[in-house]
Participant: 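Sharing a structure with you now.
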Amino acid sequence: MAEAATNIVRIPQRFFDDHFWRDLPTPEIVRQTKTHYFIKRDAPEWAELVSDAQHYADPTAIDCEHSLRLAAHGLLVAMGEKSTFKKGVADRTAGEG
């Protein structure tokens, strides 16, 4: 049972919802709370979600709003993935997009 629990990751809803609404491959939600979803780490759609979040967390990406960039970074941190987000750069680009 403990092995199954380590395969589940708690993530914030904001970026996951945006990813889903853009009709991209999205992992199945195992459980949800008011602000978080629980998804399986071995879901086939995991890599697509990570790739999308890394794109939006990149401070050089010009095709997203600041709140989405922060949400992407938060998702990557929760998933234990690498984020290219840099707070100082993101703060300077907050007025763009």
Side-chain angles (χ1 to χ4, degrees):
M1 182 72 174
E3 185 177 318
T6 60
N7 189 38
I8 304 293
V9 176
R10 183 183 89 150
I11 60 168
Q13 292 182 0
R14 169 71 164 93
F15 188 83
F16 184 94
D17 286 345
D18 182 83
H19 183 83
F20 174 80
W21 292 329
R22 288 183 283 127
D23 203 25
L24 296 170
T26 307
E28 177 184 353
I29 298 169
V30 176
R31 185 170 81 89
Q32 75 181 70
T33 65
K34 187 176 178 181
T35 57
H36 292 88
Y37 294 131
F38 294 78
I39 62 172
K40 291 183 179 180
R41 188 177 296 277
D42 62 357
E45 303 86 358
W46 178 277
E48 171 62 32
L49 182 60
V50 169
S51 175
D52 193 35
Q54 286 173 335
H55 168 77
Y56 282 97
D58 184 339
T60 62
I62 58 170
D63 56 347
C64 74
E65 59 189 53
H66 184 64
S67 64
L68 188 59
R69 185 182 320 277
L70 292 173
H73 172 69
L75 178 87
L76 290 169
V77 169
M79 293 174 82
E81 298 287 341
K82 183 177 179 174
S83 174
T84 57
F85 178 87
K86 291 179 178 62
K87 186 172 181 349
V89 174
D91 289 344
R92 286 193 301 276
T93 61
E96 300 174 8

Participant: State whether Glu65 and Arg14 are salt-bridged, where the test is any N-O pair (Lys NZ or Arg NE/NH1/NH2 against Asp/Glu carboxylate O) under 4.0 Å.
Facilitator: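 Salt bridge present between Glu65 and Arg14.
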
Participant: Indicate yes or no: at least one non-hydrogen side-chain atom of Arg10 is less than 4.5 angstrom from one of Phe38.
Facilitator: yes

Participant: Roughly how far, to the nearest 0.5 Å, is the NE2 atom of His55 from the OG1 atom of Thr60?
Facilitator: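 Between atom OG1 of Thr60 and atom NE2 of His55 there are 8.5 Å.
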
Participant: Closest approach of Ala57 and Ala72, non-hydrogen atoms and distance?
Facilitator: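 Closest heavy-atom pair between Ala57 and Ala72: N-CB, 3.8 Å.
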
Participant: Could you check whether atom CG of Asp23 has more than 12 heavy atoms from other residues, nucleotides or ligands sitting under 6.0 Å from it?
Facilitator: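 No, CG of Asp23 has 12 or fewer neighbouring heavy atoms, counting only those of other groups under 6.0 Å.
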
Participant: Distance from Ile11 atom CD1 to Ile29 atom CD1, nearest 0.5 Å?
Facilitator: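 Going from CD1 on Ile11 over to CD1 on Ile29, the span is 7.5 Å.
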
Participant: Which heavy atom of Trp46 sits nearest to which heavy atom of Lys40, and what is that distance?
Facilitator: CE3-O, 3.6 Å

Participant: For His36, check side-chain hydrogen bond (donor to acceptor under 3.5 Å, both in side chains) against everything at least two apart and list the hits.
Facilitator: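 Applying side-chain hydrogen bond (donor to acceptor under 3.5 Å, both in side chains) to His36 gives none.
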
Participant: Specify the closest pair of heavy atoms between Ile8 and Val30, including all atoms of both residues, with the distance to one decimal.
Facilitator: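 Heavy atoms only, the tightest pair is CD1-CG2, 4.1 Å.
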
Participant: Say you draw a straight line from OG1 of Thr26 to CG of Asp52; how long is it, rounded to the nearest 0.5 Å?
Facilitator: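 So the OG1 of Thr26 and the CG of Asp52 are separated by 8.5 Å.
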
Participant: CZ of Phe16 to CD1 of Ile39: how many Å apart, nearest 0.5 Å?
Facilitator: 5.5 Å

Participant: Work out which heavy atom in Val9 is nearest to a heavy atom in Arg41; give both atom names and the distance.
Facilitator: CG2-NH2, 3.1 Å

Participant: Glu45 side chain to Glu28 main-chain N or O, any donor-acceptor pair under 3.5 Å?
Facilitator: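 It does not hold such a pair.
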
Participant: To the nearest 0.5 Å, tell me how far Tyr37 OH sits from Gln13 CD.
Facilitator: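 Reported value, rounded in 0.5 Å steps: 4.0 Å.
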
Participant: With clusters defined by side-chain heavy atoms of hydrophobic residues (ILVMFWY) lying less than 4.5 Å apart, directly or transitively, does Tyr56 cluster with Val50?
Facilitator: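 Same hydrophobic cluster.
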
Participant: Which hydrophobic side chains are connected to Leu24, either touching it within the sub-4.5 Å cutoff or through other members that do?
Facilitator: none

Participant: When Ile, Leu, Val, Met, Phe, Trp and Tyr are grouped by side-chain heavy atoms lying under 4.5 Å apart, directly or through other members, which residues fall in the same group as Phe20?
Facilitator: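 Reading the cluster by chain and number, Phe20 sits alongside Trp21.
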
